[in-house]
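Because only heavy atoms are used, hydrogens play no part in the values below, and waters and symmetry mates are left out as well, while side chains stay in.
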Amino acid sequence: MARPKGSKNKPKLAPVPGGPRPGDNRTLEQLSDDQRQALTRQLGEKRTRLVDAEKTAKAARMNHDRLIKSELGENGLDEIKLLEQLETPEGEKEFKERRDREIRIARWAGLAIGSQGEFELDRRPAAEKAFDAGKRAGMKGEDCKPPHAPGAEAYDEWIRGWHEGQAVLAGGFKKGPDSAAELLREEGKEQAGKPDVFDEAAAGSSAAPATGLGTGEPDPEWPDDNDIETRKAAEAATA
């Protein structure tokens, strides 16, 4: 029950989950010095764990951002953020308002943009829009659940688009030797005229088409962490 408005009674501390703790159901003034110290230490230790977890998560996110830039280029991260923004009605509205404003200012500055707004109603046939929506859902890995009534053309087109999006995912995104293989190779370990596992993996990924595109053969695999550590240990033993 909430305290009556104007009450001078001080609120009590909420019970700490996980059992009795110093300060349960007591005001701060009612705690002894030892109890207050114990409670401060408990809360401080939990905060330290949360801060450590936050640092770990931030480091992982920053490393992933670097991977995004290496795979998609300098603008890759901005493109991902923009795509995330456009996934919500609020983000779409904000984007359109910003673009309309930019177009208006650009026109004022003399750029040949035209007087009409850039965004208009999507007048494409419903089946075509359904196909694109299904394809996006397939590429995002969502379940095959068309938002249309069974038997309708849009229903069938959504499913067709979903399968095409799934095929893009199944095809993979492996590149040539200027991609992950070069990024993962340890500096100073290159040997002229003698390809290592990274060169072989890179050559295999560019030479062979991905599974599901007609070969039936598995994709060439990149060396995993265990392979890398084993190679390092062998090199250290023979050094």
TODO: With sequence neighbours excluded, tell me which residues meet salt bridge (charged side-chain N to carboxylate O under 4.0 Å, His left out) with E153.
DONE: none

Open item on the list: Can you tell me how far apart CG (L67) and CG (L72) are? Round to the nearest 0.5 Å.
Closed with: 8.5 Å

Task: Residue list, salt bridge (charged side-chain N to carboxylate O under 4.0 Å, His left out) with E128, at least two apart or on another chain - done: R124

- [ ] Apply side-chain hydrogen bond (donor to acceptor under 3.5 Å, both in side chains) to R136 and list each qualifying residue two or more places apart in sequence or on a separate chain.
- [x] none

Open item on the list: Test of understanding: with side-chain contact (heavy atoms from CB on, under 4.5 Å), list the residues that count as partners of R160, not counting sequence neighbours.
Closed with: F131, E157

Task: Partners meeting side-chain hydrogen bond (donor to acceptor under 3.5 Å, both in side chains) with K140 (sequence neighbours left out) - done: E87, E142

Task: Listed partners of D78 passing salt bridge (charged side-chain N to carboxylate O under 4.0 Å, His left out), at least two apart - done: none

Task: Euclidean distance, L31 CG relative to L39 CG, rounded to 0.5 Å - done: 6.5 Å

- [ ] Just jot down the side-chain contact (heavy atoms from CB on, under 4.5 Å) partners of K55, sequence neighbours excluded, or say none.
- [x] V51

TODO: For R66, enumerate each residue passing the salt bridge (charged side-chain N to carboxylate O under 4.0 Å, His left out) test, keeping only those at least two apart in sequence or located in another chain.
DONE: none

- [ ] Taking side-chain contact (heavy atoms from CB on, under 4.5 Å) as the test, write out the residues that go with T56, two or more places apart.
- [x] none

Open item on the list: With a 6.0 Å cut-off (strictly less than), is the heavy-atom count around CZ of R47, excluding the residue itself, greater than 12?
Closed with: no

Open item on the list: As an exercise, state the distance from NZ of K96 to CD1 of I103, rounded to the nearest 0.5 Å.
Closed with: 12.0 Å

- [ ] Look at atom CZ of R41 and say whether more than 12 heavy atoms of other residues, nucleotides or ligands are closer to it than 6.0 Å.
- [x] no

Task: E94: partners by side-chain hydrogen bond (donor to acceptor under 3.5 Å, both in side chains), with sequence neighbours left out - done: none

- [ ] Give, for atom NZ of K58 and atom CG of N63, the distance between the pair rounded to the nearest 0.5 Å.
- [x] 12.5 Å

- [ ] State which residues pass side-chain contact (heavy atoms from CB on, under 4.5 Å) with H163; sequence neighbours excluded, sorted by chain then number.
- [x] I159

TODO: Taking side-chain hydrogen bond (donor to acceptor under 3.5 Å, both in side chains) as the test, write out the residues that go with K93, two or more places apart.
DONE: E97

Open item on the list: Less than 4.5 Å apart, side chain to side chain, heavy atoms only: is that true for R99 and E102?
Closed with: yes

